[in-house]
S.K.: 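Below is one structure. I have some questions about it.
Order of the sequence lines fixes the chain letters, A, B, ..., with proteins taken first and strands second; residue numbering starts at 1 for each chain.
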There are 2 protein chains.
Amino acid sequence: METGRSLVDAVRERCGRCSGRSVSICNVIDDEDLPALVAESSRVTVPAGRCFIREGAPAHDFYVLAGGRAKLFSLMPDGRRQVMGFAELGDFLGLASSDTYAFTAEALGDVTLCRFPHSSIDRLVERFPRLRGRLQQEASSELVKMQARLMLLGRKTARERLASFLVEQASPCRLHGQELRDGHGPLTLPLPMSRTDIADYLGLTIETVSRTFGLFRKEGLITVQGASSVTLLAPGTLSDMANGIRKD
Amino acid sequence: METGRSLVDAVRERCGRCSGRSVSICNVIDDEDLPALVAESSRVTVPAGRCFIREGAPAHDFYVLAGGRAKLFSLMPDGRRQVMGFAELGDFLGLASSDTYAFTAEALGDVTLCRFPHSSIDRLVERFPRLRGRLQQEASSELVKMQARLMLLGRKTARERLASFLVEQASPCRLHGQELRDGHGPLTLPLPMSRTDIADYLGLTIETVSRTFGLFRKEGLITVQGASSVTLLAPGTLSDMANGIRKD
DNA sequence: GCTATATTTTGATTTAGATCAAGAGATTTC
DNA sequence: GAAATCTCTTGATCTAAATCAAAATATAGC
């Protein structure tokens, strides 16, 4: 938490150049109110591979992801892993918790976060009533995404799952909010997560993920640059496949 | 929405004998404030089999389930179904929606609901600040449940899924909040949903569900009274199986 | 740059659960 | 209360994806 004197500087440094400013919950706070936000939070940087939220640990803080990507996952006693999601710029982390966190969050590359203790969020909501609606919205959209994931894990084929994943990776910040339609030209995406992460996200094995990538490549739906970058050559086709409208 | 004159009577009729009073979001409203709640909501009864929320329809209302059970599901264009959950006494429905509902809700038996237009909830939160936290809590616990369901659908075996389902059915109101432990004696549960509903909930086929019920029966873990009532003979064993601690 | 290690791809085989196909109970209808 | 209709169970077979097993890349260390 920053102290009074340098607050204005801190705001300029933190929020002024924060690329998450316009997509995170912070977008309901006016520029002139940013000092309150900065005063209630602290900036955290996490190196690649480090966990910054641990499943089962007491949940004291929320986080806004301000740079990099993270994977959120949960483990069974025997080591089976389910990746719950990949967090990206602006994502609000920590809603899925009661007294303790329901998932572990691990930085995929280097990650920048703003940490908000629960009590700070309470005070901020008190002071900025619009924040309340924004948080509800965040929870709602998270729940809607979760429902889509239940459909994916419960009812989709391996091809549909991978297509869904690729389309989802293409969506959010990268497309600036516009929908993915047939007209779209090639779209190149970074894949900062490993094949194992993708498999654990899609409820598949790494081999099935790799094979399905191979099929998509043969079918001219994608090209791959190394393991951590794909180009979607036919985003519309992939989108239809993801939704079970088209089989090939 | 009730009009002034008979409000006190309406409160006595609606909330006075409502079994959801103590478990739903209403439990943060004091008795003397109930008239405001009643004034902002309307009581709805839905016959068995009727849908009262439709996937894709504009989301105007929240619902509190005040009696009966409902299934919440979503469909793919080709008819594949995923049951997102079974709602029961006190559940708050409609959080998983943006502009439109993300799921369809269908009454399993006859269902009683209190309908709260979004605008009413806004007014109530304004007037009863404690309600805000209660709603956040509702969203959080829903998200935690969802994560458990992702693990189930992504990583659990058919046996583990059915065990999870049975344990979950045993948990909430029926156990009055206490955890399921090895010491527990037999526990008889109603199963108001069909085998197809269970299958669509667990990401399995009806045949696999039926066969797995058969196995559990042979293994002395459960007995079945007709298709719509089970007795858990070994709740602790089932709980361990659900969590992947025990295979048989 | 070369070796060592980890990750990813590809191939062969197995298997859990799906699909196909009857029966056996329930429940509803008249 | 018998016929008709559903729902559920059980059995036989099939298959999508898992598992087992190398080979091929990629990455890191020295």
S.K.: If you measure from the Lys or Arg side-chain nitrogens to the Asp or Glu carboxylate oxygens, is any gap between B:Arg159 and B:Glu219 under 4.0 Å?
M.R.: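 Salt bridge between B:Arg159 and B:Glu219, a charged N being under 4.0 Å from a carboxylate O: yes.
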S.K.: Given atom CD1 of A:Ile206 and atom P of C:dT9, what is their separation to the nearest angstrom?
M.R.: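 The answer, rounded to whole Å, is 8 Å.
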S.K.: Is there a side-chain polar atom (N or O) of A:Arg217 under 4.0 Å from OP1 or OP2 of C:dT10?
M.R.: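 It does, given that an N or O in the side chain of A:Arg217 lies less than 4.0 Å from OP1 or OP2 of C:dT10.
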S.K.: Roughly how many Å is it from NZ in B:Lys156 to C1' in C:dG17, rounded to a whole number?
M.R.: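 B:Lys156 atom NZ is separated from C:dG17 atom C1' by 18 Å.
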S.K.: Return yes if a side-chain donor-acceptor contact under 3.5 Å exists between B:Glu55 and B:Ser74, otherwise no.
M.R.: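 A donor-acceptor contact under 3.5 Å links the two side chains.
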S.K.: Report the residue (A:Thr196 or A:Arg155) whose heavy-atom-nearest nucleotide on DNA chain C is the more 5′ of the two.
M.R.: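 Going by which nucleotide is closer to the 5' end, it is A:Thr196.
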S.K.: Report yes if a side-chain nitrogen or oxygen of B:Thr208 is closer than 4.0 Å to either non-bridging phosphate oxygen (OP1 or OP2) of C:dG17; otherwise report no.
M.R.: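 So the side-chain polar atoms of B:Thr208 never come under 4.0 Å of the phosphate oxygens OP1 or OP2 of C:dG17.
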S.K.: Any chance the side chains of B:Glu106 and B:Thr104 put a donor and an acceptor closer than 3.5 Å?
M.R.: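 No pair is found: no donor N or O on one side chain lies under 3.5 Å from an acceptor on the other.
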S.K.: Do A:Arg81 and A:Thr196 have side-chain N/O donor and acceptor atoms under 3.5 Å apart?
M.R.: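 There is no such pair (donor and acceptor under 3.5 Å, judged by atom type) between the side chains of A:Arg81 and A:Thr196.
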S.K.: Would B:Gln225 and B:Thr223 count as having a side-chain donor-acceptor pair, cut-off 3.5 Å?
M.R.: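 Checked: B:Gln225/B:Thr223 side chains pair up, N/O donor to acceptor below 3.5 Å.
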S.K.: How would nucleotides 20-30 of chain C be written as a contact map, 5' to 3', with B for base contact, S for sugar-phosphate-only contact and - for no contact, using protein heavy atoms under 4.0 Å?
M.R.: B----------
S.K.: Could A:Arg149 and A:Tyr201 be counted as a cation-pi pair, given that NZ or CZ must be under 6.0 Å from the ring centre and within 45° of the axis?
M.R.: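 Here A:Arg149 passes the 6.0 Å and 45° test against A:Tyr201.
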S.K.: How many Å lie between CG on A:Asp197 and C1' on C:dA6, as a whole number?
M.R.: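 One finds 14 Å between C1' of C:dA6 and CG of A:Asp197, rounded.
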S.K.: Test the A:Arg115-A:Phe52 pair against the cation-pi criterion, namely NZ or CZ under 6.0 angstrom from the six-membered ring centroid and within 45° of the ring axis.
M.R.: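 Negative - A:Arg115 is either too far from the ring of A:Phe52 or too far off its axis.
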S.K.: One thing to verify: whether B:Arg80 and A:Glu160 come together as a salt bridge, which I'm taking to mean a side-chain N less than 4.0 angstrom from a carboxylate O.
M.R.: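 Result for this pair is yes, salt bridge flagged.
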S.K.: Grab the CG-P distance between A:Leu204 and C:dT9 for me, whole Å please.
M.R.: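 Result: 14 Å.
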S.K.: Would the distance check show the side chain of A:Gln82 and the main-chain N or O of A:Asp200 forming a donor-acceptor pair, the cut-off being under 3.5 Å?
M.R.: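 Yes; judged by distance alone, with no hydrogens or angles, the pair exists.
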S.K.: Return the 5'-most residue of the pair B:Ser194, B:Lys218 with respect to DNA chain D, ranking by each residue's nearest nucleotide.
M.R.: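 So the residue in question is B:Ser194.
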S.K.: Under 4.0 Å from a heavy atom of chain A: give me the 5'-most and 3'-most nucleotides of DNA chain D that qualify.
M.R.: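 Going 5' to 3' along DNA chain D, contacts run D:dA17 to D:dC20.
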